[in-house]
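Here is the structure we will look at.
In what follows, chains are A, B, ... by sequence order, proteins preceding strands, each numbered from 1.
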Amino acid sequence: MLDPKLIRTQPDKVRLALKNREYKPSQVDEFLAQDETWRRTISESDQLKQERNTASEEIGRLKKGGQNSEAKQEEVRKINDRIKALDANLKVLEEKLNQLLLYFPNIPHETVPIGLDASGNHVVSSWGEEKKFSFPLKPHWEIGEKLGILDFARAAKLSGSMFSLYMGLGAKLQRGLIQFMLDFHVKNHGYTEVYPPYLVRPEIMVGTGQLPKFKEEMYHCDADDLYLIPTAEVPVTNLHRDEILSIQDLPKYYVAYSACFRREAGAAGADTRGLQRLHQFDKVELVKTVIPESSYEEHEKLLKNAEAILQSLELRYRVLLLCTGDMGFSAAKCYDLEVWCQASQKWAEVSSCSNFEDFQARRANIRFRRDPKSKPEFAHTLNASGLALPRIMMAILENYQQPDGSVTIPEILRPYMDGRKQIP
RNA sequence: GGAGAGGUGGCCGAGCGGUCUAAGGCGGUCGCCUGCUAAGCGACUAUGUGGGCUUAAACCCGCAUCGUGGGUUCAAAUCCCACCCUCUCCGCCA
């Protein structure tokens, strides 16, 4: 959420941000008009309430002194009628204003390139070399099915398309990857491990920005009005919702494994083969809550933390700085990590590393105090996948495949596979 | 699912129509006192929001907030209704 004061005092800045993000700048004018009316109305209502409060005290005094207060009471009744009308109006205005506010995307940071879509993203770095293979490469689904570690047919029987089913060493590798990533971030990067609930209340989804705008993307349990999380970011960022943290508590570094559930409503037909795009997948997520002046430094560190996983797995990847038109709704700045899948000849996104500044903190009301005397301020929140499992699995299968159809296990994962060097 | 208890400031906890500008305590901040520390003494100590002033902060004037939403009343933490949540016991269950 943006600071309403920012829209009031610097509407041009917000209009420009909206335009760069391919949103309609007229959103600003709609807000300003409503806001103006709201402020006029609340000011009028507050003044009448003041009159009422004064009169009520007067009535109290009259009654205590045994005097007649009927005239005064009648006066207040009339004031109350006017207040009632104004407040009914206010309620509608506030609802509308809040709704408008929730649909403003974040303002891009000044270092974010301006661009229309993915073609405007900048490649800022890359790591690793393309491997040379002397035999025809198979796509990951073929490798997985042949080895009996992936079974898409049975996954579809159980749940439909865009679901995965791991068997045997595949399932073990999946579990090993999760454990490796969690251990790695806890031991080497100082994160605290969290295991969150997968179902959350609607306001939690509003806090991180999934709702109200992206309702169609979410699985919802109607009977209980709970949403299945699309990422651990949602519950973990909201951990400190409605709290005022002390500055000594910051920064907070959390790492959480969770399953992630996405309807992929807008993506029908795209990347449906194999592990590329799924309704349910596993992810290890990094979440930080920090003080505002350190958030960009923390953002760079966060990116390095996510990169370290790819490096340990010895997977070739590149880092993209997303442009204004391609960046997610809540982010002020975002890097994407893309892993190279040799057989598919494709870069696959395995992490989005975002700084949200105070955008989520405002929605979720996450604050801190610099010292016991000072006013609470909104914290900054950040997160990065560290990493998303299916596309890592794709990359491992495709890049570590052998001529005989087996797959070498990356060295760092072997302790999690009983020392095994390859599958089978 | 059934029965009961309860939701009050950073925390504990009193209040059950106007004196709530929320008692008291804990914690915190500042000061005093004191060889040092501890103890003691004193003051201060919620948030949001509209407006004023200001470069800004501070500050000043309002309004709102005692789980949430309605209602009664001139006046609600306090009375009424609905809902949500937490805890305890029972039942069921991984």
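Here the two rings, on Phe359(A) and Phe329(A), have centers that are under 6.0 Å apart. The six-membered or imidazole ring of His220(A) lies away from that of Phe261(A), with a centre-to-centre distance of 6.0 Å or more.
Atom CG of Asp225(A) and atom P of C85(B) are 10 Å apart (whole Å). If you measure from atom CG of Asp224(A) to atom P of C84(B), you get 11 Å, rounded to the nearest angstrom. Straight-line distance from the CG atom of Asp242(A) to the P atom of G9(B): 13 Å, rounded to whole Å. One interatomic measurement links the two molecules: CG of Leu245(A) to P of G10(B), which rounds to 13 Å at whole-angstrom precision. Atoms CZ (Arg370(A)) and P (U29(B)) sit 18 Å apart, rounded to a whole Å.
Salt bridge Arg8(A)/Asp3(A): absent, no basic N to carboxylate O contact under 4.0 Å. A salt bridge links Glu377(A) with Arg370(A): at least one charged nitrogen is closer than 4.0 Å to a carboxylate oxygen. With respect to the salt-bridge test (charged N to carboxylate O, under 4.0 angstrom), the residues Arg77(A) and Glu70(A) qualify. In summary, Lys91(A) and Glu94(A) do not engage in a salt bridge, as defined by a charged side-chain N under 4.0 Å from a carboxylate O.
Spacing between C59(B) and A77(B) at atom P, rounded to whole Å, works out to 26 Å. U45(B) and G50(B) have their C1' atoms separated by 25 Å, with the value rounded to a whole Å. Distance noted for atom P between G6(B) and C63(B): 34 Å (whole Å). Comparing the C1' positions of C66(B) and U47(B) gives a spacing of 13 Å, expressed to the nearest Å. A gap of 31 Å separates the P atoms of U55(B) and A64(B), to the nearest Å. Straight-line distance between the P atoms of A76(B) and C20(B): roughly 16 Å, to the nearest whole Å. Taking atom C1' on both U73(B) and C79(B), the two are 10 Å apart, rounded to the nearest angstrom.
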In B/S/- notation (B base, S sugar-phosphate only, - none; protein heavy atoms under 4.0 Å), nucleotides 43-72 of chain B written 5' to 3' is -S--SSSSS----------BSS-----S--
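Pairs engaging residues 164-189 of chain A under the salt bridge (Lys or Arg N to Asp or Glu O under 4.0 Å) rule: Lys172(A)-Asp418(A) [sequence neighbours left out]. Pairs passing the ring pair (Phe, Tyr, Trp, His ring centres under 6.0 Å) check and including a residue from residues 98-117 of chain A, sequence neighbours excluded, read His109(A)-Tyr296(A).
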List every contact pair, protein side and nucleotides 16-20 of chain B side both N or O, where the distance is under 3.5 Å.
from   : atom 1 : to       : atom 2 : distance (Å)
G18(B) : N2     : Ser56(A) : O      : 2.9

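Arg201(A) comes within contact range of the sugar-phosphate backbone alone, with a heavy-atom separation under 4.0 Å but no base atom that close. Residue contacts for Asn80(A): at a heavy-atom cut-off of 4.0 Å it reaches the sugar-phosphate backbone alone, with no base atom in range.
Looking at Tyr198(A), its side chain does come within 3.5 Å of a backbone N or O of Ala259(A) through a donor-acceptor pair. A distance-only check finds no donor-acceptor pair linking the side chain of Asp326(A) to the backbone of Leu322(A) [under 3.5 Å].
Applying the side-chain contact (heavy atoms from CB on, under 4.5 Å) criterion to Ala256(A), with sequence neighbours excluded, gives Val194(A), Pro196(A), Ala232(A), Val236(A).
Inspection of the Gln311(A) and Tyr317(A) side chains reveals an N or O donor paired with an N or O acceptor under 3.5 Å.
Counting only Watson-Crick or G-U wobble pairs whose defining distances are both under 3.5 Å, the stems of 3 or more consecutive pairs in RNA chain B are B:1-7 with B:84-90, B:10-12 with B:24-26, B:27-32 with B:40-45, B:46-52 with B:59-65, B:67-71 with B:79-83.
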